[in-house]
Amino acid sequence: MSWDFSTDPDFQGQLDWMDEFVRHEIWPLEAIWHELGLDGLREAMAPLQQQVKARGLWATHLPPELGGQGMGQVRLGLMHEILGSSPIAPLAFGNAAPDSGNSEILALAGTPEQKDRWLHPLLAGDLRSAFSMTEPHTPGSDPTQLQTRAIRDGEDWVIDGHKWFSSNGSIADFLIVMAVTDLQARPSQRASMFIVPRDTPGVEILRDVPTMEHPWEQFGSYGGHSEILYHGVRIPGESLLGAEGDGFVLAQQRLGPGRIHHCMRWLGVARRAFDMMCERATYRHVHGSLLAEKQTVQNWIADSAAEMQAARLMTLHAAWVMDTQGARAALLDIALIKFYGAKVLHDVVDRALQLHGSLGYSTDLPLEQMYRFARAARIYDGPDEVHRQTVARRILRGYQPPADEIPTEHLPTRREEARERFAHLLGALTAND
Ligand SMILES: Cc1cc2nc3c(=O)[nH]c(=O)nc-3n(C[C@H](O)[C@H](O)[C@H](O)COP(=O)(O)OP(=O)(O)OC[C@H]3O[C@@H](n4cnc5c(N)ncnc54)[C@H](O)[C@@H]3O)c2cc1C
């Protein structure tokens, strides 16, 4: 019997250090990081990254032989909860998306040469990467319909296709591109992944798609979502990542832990919004009392606390299943947290924003930015509906139609069966009457 909700003291010491560090060294940068631009941000981050490295907390998502700590998903989850409190904190810890997920793929499937050329500089922060799978004209939620093709030509591969929402594509040094390599194969084995340097002839970055996150047209900034044309992009045979047809398997391996980290980061965001909501309730006086004394507000605070606790325990449980039984065993738990965590994030931020009224809606507070961020969480890494479908399908596998379609719990049927089975007791009762 080993249910245990405690964190070992040494690791708790690391978490406490991270919490202080993120609050005192990184939060202050948030207010000016857009002004700093990419180079300024990099300069501001360099000394912070040194401190993180000295503390042994750099790129902890990777195995020890690659400079990570091999610490498992529960510990990583607890770290991501702290990192999620700031959109730029992951940069200081060498695990910002999409570089973190891409480094996991390279660690998992890269050849020694690919690791030397792409993974090590990526980890050192000397290169940036993007993951290029989603296409404007096929549904990202059903990647078996991908149209981007990679065709062998002698020793090379030639890629043709149209992608979008390749996050950080416009500032990336290389892209990991998912393309169909065998149209005749089973749907789950049709696609493969390729490493494509961004300056390869034929890679045309059309734009960073304006979104709710940044509604104005801009190009080449951190966090942009690029639309990219690949016209006859010729790359050498050794650009294939993993085996031919492994694209979906690798994508799944990248997404499982990634979803746990997302959910824990969302809790970091939700916690910050929650703290703002509680603080506001303590001093805003309306219609004869403080907001803190209104029952609706008390309900929001209590509901938010309960929902965040539920999401946190569900997410840590998913991480624990992954650590103890492997990624496959955690599929249901991960699908559960992906849509539930996104909803909790959305609802807590929404309540906090509402409680601040016009101030919450304004850009004088980070709540409107958190709200836009929360909306995207319901779409990327699989929309809510797909995860709900996964959960429901897996749960339903454990059920069968009852005999004659009479519900198992049908009381008249059960009563009849019980009368038959316990006839001797009923008989004794009648005899005693
Ligand atoms: C902020 C952000 C960052 C992203 N970054 C990247 C990236 O770096 N690289 C990359 O390749 N992609 C990225 N994406 C794309 C993302 O992965 C896709 O948007 C997502 O997979 C959904 O695909 P789609 O947009 O084509 O929507 P579709 O697949 O067309 O789905 C649209 C809607 O249809 C509904 N739907 C879908 N399936 C079902 C179902 N089975 N049952 C019921 N309803 C359903 C859902 O409501 C869904 O939202 C990013 C997206 C966002 C928003």
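Numbering of ligands and ligand atoms starts at 1, following listing order. Source: prediction; values computed, not measured.
- A salt bridge links E30 with R272: at least one charged nitrogen is closer than 4.0 Å to a carboxylate oxygen.
- Annotation: cation-pi pair R207/F219 absent, no NZ/CZ under 6.0 Å from the ring centroid and within 45° of its normal.
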N or O contacts of ligand 1 with protein under 3.5 Å, please list pair by pair.
from     : atom 1 : to   : atom 2 : distance (Å)
ligand 1 : 5 (N)  : F165 : O      : 3.2
ligand 1 : 5 (N)  : S167 : OG     : 2.8
ligand 1 : 8 (O)  : F165 : O      : 3.3
ligand 1 : 8 (O)  : S167 : N      : 3.1
ligand 1 : 8 (O)  : S167 : OG     : 3.2
ligand 1 : 9 (N)  : F131 : O      : 2.8
ligand 1 : 9 (N)  : F165 : O      : 3.1
ligand 1 : 11 (O) : M133 : N      : 2.9
ligand 1 : 11 (O) : T134 : N      : 2.8
ligand 1 : 11 (O) : T134 : OG1    : 3.1
ligand 1 : 12 (N) : T134 : OG1    : 2.6
ligand 1 : 12 (N) : F165 : O      : 3.4
ligand 1 : 23 (O) : G140 : N      : 3.3
ligand 1 : 26 (O) : G140 : N      : 2.7
ligand 1 : 29 (O) : G140 : N      : 3.2
ligand 1 : 29 (O) : S141 : N      : 2.9
ligand 1 : 29 (O) : S141 : OG     : 2.2
ligand 1 : 31 (O) : S141 : OG     : 3.3
ligand 1 : 41 (N) : Q389 : OE1    : 3.0
ligand 1 : 47 (O) : E385 : OE1    : 3.1
ligand 1 : 47 (O) : E385 : OE2    : 3.3

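- Between R372 and E368 there is a salt bridge, since at least one side-chain N of the basic residue sits less than 4.0 Å from a carboxylate O of the acidic one.
- Residues satisfying the salt bridge (charged side-chain N to carboxylate O under 4.0 Å, His left out) criterion with D116, sequence neighbours excluded, are absent altogether.
- With values rounded to the nearest 0.5 angstrom, T181 atom OG1 is found 9.5 Å from D246 atom CG.
- The line from CD1 of I105 to CG of L250 is 6.0 Å long, rounded to the nearest 0.5 Å.
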